[in-house]
A.B. asks: 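After the structure tokens below, expect a handful of questions from me.
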Amino acid sequence: MNYDRILIRYGELSTKGRNRSKFIEKLANSIRGTLHEFPKVAIKSTRDRTYVILNGEDGRQIVERLKAVFGIQSFSPVIKTSKEIEEMKAAVLQLFTKVYTEGKTFKITTKRADKTYFLETNELNHVFGSHILQNVPNLTVNVKKPDINMQIEIRPEAAYISCETIQGAGGLPAGSSGKAMLMLSGGIDSPVAGYESLKRGLEIEGVHFFSPPFTSERAKQKVIDLAEKLASFSGQFRLHIVPFTEIQQLIHKQVPENYTMTTTRRLMLRITDRIRERQEALAIVTGESLGQVASQTIESMFAINEVTNTPILRPLIMMDKADIVDIAHSIDTHDISIRPFEDCCTIFVPASPKTKPKRDKVIHYESYIDFEPYIQKAVDNIETIEIRPQQNKVDAFDELF
Ligand code: ATP
Ligand code: MG
């Protein structure tokens, strides 16, 4: 008998009162999206648990995928049995002997979620523990730090048996906090900001400004690869690529050099806001971190933010670069971000951008130019790409599925 399903425990969502059923539904959608390559999988949600029923699909791959799904506190590959003592005992022993090697210690952890069950938790622990001890010679129990923790969960409809609990990604299920647009560059910060947003349950769509021929196809591919990493956390990712060359050239022709960066950012924000409106999102996320570069001083933000009153979410605003880099490593975006292809801002960056731009000055400089038709043209020529997650690597549980 092998693991035939995965039992999923909810995270913060279990405290969410009336929203609970909505959260559970969002989580199921997110799991379905993440597992789209496994068409035989069935997902069954109940108030306390969600089950992924494998139906012959590759459990090892599925475990890897589930590690990235937000809203999951922890999960266990399980065997489902009836609540007949003999059937449970047989399954417990069979699973145990598969993972047991000489010298390992064990304990039994029973969870009696079915409060009407005729045996108490302690009695159940005793029944299963002695059954294993009778059948496996020279075995010792260790309740504090066992090598094998056999878990039996008795629920109203059935019993679930496992010897493994895997840490989930935490956070809230995708889409349970509404939708925002992520300004995604090829840098280190914005993919991390995207990850943090997804973790708090935001649905995000990416917006990337692209300036061919000044920025290469490889720079674009880098952003697509980053989006693919984010897709592994959300199941899918929609990326809008905005042609920005014409606007950047216009800015360079018309705006004094030390204000080009400020105006460029303002235009990016205006365009992103336009796309946000069209996509029915309610916020914009950036990878800005206070003081990191000229465009991220508080004066710059004051001058740039003026173009919209849409909420701008900056998950990294108070974080140190080293901590951002650590997250980039852990979500596997770092090595993509450091590929050496130029981004549209690096190319046009002036020698000495204003670190303390003045709002009234930038408004004055921009007043000589009618950007509107250019903005409209850029928005009309967006390329939108639907991105799916890549294959993940697999490690554990080979023999148990
Ligand atoms: P990142 O590492 O995210 O590129 P950064 O430290 O390089 O950030 P900036 O280049 O000042 O900082 O960019 C600040 C934020 O502006 C980025 O985090 C991103 O959200 C947005 N941004 C910058 N360039 C682009 C671009 N080409 N397309 C979309 N958004 C961008
Ligand atoms: Mg950048």
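For ligands, and for the atoms within them, numbers begin at 1 and follow the listed sequence. This chain uses plain numbering: 1 for the first residue, then up along the sequence.
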A.B. asks: For atom 2 (O) of ligand 1, state which one of Ile324, Leu184, Asp189 supplies the nearest heavy atom.
C.D. replies: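 Comparing heavy atoms across Ile324, Leu184, Asp189, the nearest one to atom 2 (O) of ligand 1 lies in Asp189.
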A.B. asks: For atom 12 (O) of ligand 1, which candidate among Arg265, Lys321, Gln296 provides the closest heavy atom?
C.D. replies: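 Heavy atom nearest to atom 12 (O) of ligand 1 belongs to Gln296.
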A.B. asks: Within the distance-only criterion (no hydrogens, no angle test), does the side chain of Ser30 pair as donor or acceptor with the backbone N or O of Lys26 below 3.5 angstrom?
C.D. replies: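 Looks like no, no N/O pair under 3.5 Å.
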A.B. asks: Under 3.5 Å between some N or O of ligand 1 and some N or O of Phe209?
C.D. replies: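 Yes, there is a polar N/O contact under 3.5 Å.
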A.B. asks: Backbone or side chain, does any N or O of Met268 fall under 3.5 Å from an N or O of ligand 1?
C.D. replies: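 Such a contact does not occur with ligand 1.
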A.B. asks: Consider every N or O of Gly287 and every N or O of ligand 1, then say whether any pair is closer than 3.5 Å.
C.D. replies: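 Between Gly287 and ligand 1 (N or O atoms, distance only) the closest approach is under 3.5 Å.
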A.B. asks: So Tyr3 and Ser162, side-chain contact (heavy atoms from CB on, under 4.5 Å) or not? Walk me through it.
C.D. replies: CA-CA 8 Å; Tyr3 286 142; Ser162 180; 3.8 Å; yes
A.B. asks: With distance as the sole criterion, is a donor-acceptor pair present between the side chains of Lys98 and Asn2 under 3.5 Å?
C.D. replies: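 Judged by distance alone, the side chains do pair up.
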A.B. asks: Quick check on contacts: which atoms of ligand 1 are under 4.0 angstrom from a heavy atom of Thr286?
C.D. replies: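 Those of ligand 1 that fall under 4.0 Å from Thr286 are 20 (O).
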A.B. asks: Fit a plane to each ring of Tyr160 and Tyr51, take the angle between them on a 0 to 90° scale, and name the class: parallel (under 30°), tilted (30 to 60°) or perpendicular (over 60°).
C.D. replies: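 Geometry flag for Tyr51 against Tyr160: parallel rings.
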A.B. asks: Closer than 4.0 Å to some heavy atom of Ile188 - which atoms of ligand 1 meet that?
C.D. replies: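 Under 4.0 Å from Ile188, ligand 1 has these atoms: 2 (O).
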A.B. asks: Relative to the heavy atoms of Val207, which atoms of ligand 1 are at a distance of less than 4.0 Å?
C.D. replies: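 Per the distance check, 29 (C).
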A.B. asks: Are the side chain of Asp320 and the backbone N or O of Ala322 linked by a donor-acceptor pair below 3.5 Å?
C.D. replies: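 No, because the side chain of Asp320 does not come within donor-acceptor range (under 3.5 Å) of the backbone of Ala322.
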A.B. asks: Quick check on contacts: which atoms of ligand 1 are under 4.0 angstrom from a heavy atom of Ser190?
C.D. replies: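 In order of numbering, the contacting atoms are 1 (P), 3 (O), 18 (O), 19 (C), 20 (O).
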A.B. asks: Would you find a donor on one side and an acceptor on the other, under 3.5 Å apart, between the side chain of His208 and the backbone of Leu184?
C.D. replies: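 Yes; at least one donor-acceptor contact below 3.5 Å.
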A.B. asks: Is it possible for you to check whether Arg359 lies under 6.0 Å from the centre of the six-membered ring of Phe302, through NZ or CZ, and within 45° of that ring's axis?
C.D. replies: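 Ring-cation test returns yes.
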A.B. asks: Check each atom of ligand 1 against the heavy atoms of Gly187 and keep those under 4.0 Å away; list them by number with element.
C.D. replies: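 Going through ligand 1 atom by atom, the ones under 4.0 Å from Gly187 are 1 (P), 2 (O), 4 (O).
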